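What follows is a single structure, written as structure tokens, with notes after it.
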Amino acid sequence: MNNRTYMNNDLRARRESALAPSYQLFYDDPVHLVRGEDVWVTDVDGNRLLDCYNNVPSVGHAHPRVVAALAGQAAQLNTHTRYLHEEVVRLAERLGSMLPDGLQTCYFVCTGTEANDLAVEIARTVTGQHGVVVSEHSYHGNSSLVSLLSTDGYPATDRPDWLGVIDAPNDYRGRFRADDPDLADPDRDGADLGERYADLLTDELDALNQRGHRPAAWLVDPSWDSNGVLVAPDGYVERSAQLIRAAGGLVIADEVQSGYCRLGNDFWGHTSYGLVPDIVTIGKPMGAGHPVAAVVTTPEIAAAFAERRSYFNTFGGNPVSAAVANSVLDVIEDQQLLHNASAMGTRLSTQLAELASRHPVIGNVQGGGLFWGLDLVADRATRAPIAYADGRRLATALRHDGILIGLTGPSTNVLKIRPPLTFSSEHVDRLVEVLDARLSNFKLRGGSARRQPGAEW
């Protein structure tokens, strides 16, 4: 054992002793990172790895403009929102100007979890109803409330009776599929794919009502990240929103994953579907590595909430966080990162589809922009997912090839590609080249079917 390996093992042992056991490390052979720059990270041995996973540094690791904004404001003043400050007001104004008409009133928090927690409390307070509808295998955060809305993290038998759970609109391996021969029949008489999935919400609303609950909100992640990164079939989002509103509930768009140009079509994931939510939540990408998040709603909803409840968050919207968040918006605009996400999404779409044509382990390519999932299968005919052990082994092998990548999906068999927004054609080509080489030599061994609930990848 060389000295460097000993040091890494020693640090891992210290971590296991000092940190709670619920903390997870990526990869069978964890990475000890010491530096990041743009889409690259460097480990303790000086190896550079292409970061194809982290959307937290949305505009790249250690972006100099973001670092300067953070340091500059921290050197002047940092306090809470009960004093006037230009950066805080300017950030709220900018976010309101970038969202659909009416969504212009901001609450600032520190994390996506806090944002979703507050959004649900607002919906419950304003509607006077208690139920919440989410997708099966969803993830929305880890507070006491929001963890109950994250159905991927605990057994279905422990769900509260006010929680409604519907199938995610997965047209590859879900209940209704894009290759259903009935959908291709021009003479058929029935609902299309989007309607079929949306009609499941009708059934769940009826079930909620029988348990004595009406819906306060439908909480939807427009990327369906934890379901394997999905693109919903036409009409699904629109019809689902109509159904929840007809039942007296609000629509909350969880943009923690899909927002800030991630899907390539628009700045926000919900606008790809023509949806105007009642509440929008934002998290990870806002601060490019700094903890800042937000809830944005209409003045009417905010006023109705304020009549019954007050809200204050000591660190939410502090001047340093606001300065950082403003600098991230500046970088996105000046470097035209929405255009880049769209262009690189097109390049990835083409190259990943070509890769799938040569590697039978890739059952489906799904996603858009700079957010993609490769649904990996042990058998294309049956669509049986690869074992979790194989997925983890593949991700670890890619880590040794210089590529950091993740896993997602109900069976943790979907290879997740979610790099910073500054990903370029050079980086796309490198990623696909390494994937091609690794998949050419990768053999499935089987093993454990999937990870334990709540284990993060």
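The structure displayed is predicted, hence computed values, not measured ones.
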request  = Report yes if some heavy atom in the side chain of Arg245 is under 4.5 Å from a heavy atom in the side chain of Asp278; otherwise report no.
outcome  = yes
remark   = Taking every heavy atom of Val31 against every heavy atom of Leu33, the minimum-distance pair comes out as CG1-CD2, 3.3 Å
ask   = Counting only heavy atoms not in His400, do more than 12 fall under 6.0 Å of its NE2?
value = yes
ask   = Are Asp192 and Asp234 close enough that some pair of their side-chain heavy atoms sits under 4.5 Å apart?
value = no
key: Atom of Asp117, atom of Leu145 and distance for their closest heavy-atom approach   = OD2-CB, 3.6 Å
query = Any donor-acceptor pair under 3.5 Å linking the side chain of Asn326 with the backbone of Glu87?
reply = yes
note = In short, Gly283 meets Ala293 closest at the heavy-atom pair CA-CB, 3.8 Å
ask   = Do Asp221 and Ser223 have side-chain N/O donor and acceptor atoms under 3.5 Å apart?
value = yes
query = Does the Tyr197 side chain pair with the main chain of Phe176, one donor and one acceptor, at a distance under 3.5 Å?
reply = yes
ask   = Is there a side-chain contact between Ser440 and His359 (heavy atoms, below 4.5 Å)?
value = yes
ask   = Can you tell me how far CG of Asp401 sits from CZ of Arg438, rounded to the nearest 0.5 angstrom?
value = 4.0 Å
ask   = Does CZ belonging to Arg358 count more than 12 external heavy atoms closer than 6.0 Å?
value = yes
query = Asp43 side chain to His32 main-chain N or O, any donor-acceptor pair under 3.5 Å?
reply = no
Flag side-chain contact, heavy atom, 4.5 Å: Trp224 against Asn170 = no
Donor-acceptor pair between Asp199 and Thr202 side chains, under 3.5 angstrom = no
message = If I compare all heavy atoms of Ala232 with all of Val237, which pair ends up nearest, and what's the gap?
response = CB-CG2, 4.3 Å
key: Heavy atoms of other groups near Asp158 CG, more than 12 under 6.0 Å   = yes
query = Any donor-acceptor pair under 3.5 Å linking the side chain of Ser58 with the backbone of Pro285?
reply = yes
ask   = Looking at CD of Glu37 and CZ of Arg48, how far apart are the two atoms once the value is rounded to the nearest 0.5 Å?
value = 7.0 Å
task = Could you tell me whether the side chains of Glu136 and Asn227 share a donor-acceptor contact shorter than 3.5 Å?
result = no
inquiry  = Salt bridge or not between Asp225 and Arg262? Use side-chain N to carboxylate O under 4.0 Å.
reply    = no
query = Side chains of Ser424 and His427: donor-acceptor distance under 3.5 Å anywhere?
reply = yes
task = Could you walk me through whether Asn340 and Gln335 pass side chain to side chain donor-acceptor pair (under 3.5 Å), step by step?
result = CA-CA 8 Å; Asn340 185 68; Gln335 294 185 205; over 6 Å; no
key: Residue from Thr422, Asp38, Asp51 passing side chain to side chain donor-acceptor pair (under 3.5 Å) with His61   = Asp51
query = From Leu431 CG over to Ile405 CD1, what is the distance, rounded to the nearest 0.5 angstrom?
reply = 5.5 Å
task = Measure the shortest side-chain to side-chain distance between Asp334 and Arg65 over non-hydrogen atoms and say whether it is less than 4.5 angstrom.
result = yes
ask   = What's the verdict on salt bridge (charged side-chain N to carboxylate O under 4.0 Å, His left out) for Arg383 and Asp375, showing C-alpha distance, side-chain angles and the deciding distance?
value = CA-CA 9 Å; Arg383 305 187 186 185; Asp375 193 315; over 6 Å; no
note = Shortest non-hydrogen pair, Gln24 vs Arg15, comes out as O-NH2, 3.1 Å
query = Should Lys284 and Tyr260 count as side-chain neighbours, where that means a heavy-atom distance under 4.5 Å?
reply = no
ask   = So does Glu333 have more than 12 non-hydrogen atoms from other groups sitting under 6.0 Å from CD?
value = no
task = Drop me the distance from Asn364's CG to Arg380's CZ, to the nearest 0.5 angstrom.
result = 9.5 Å
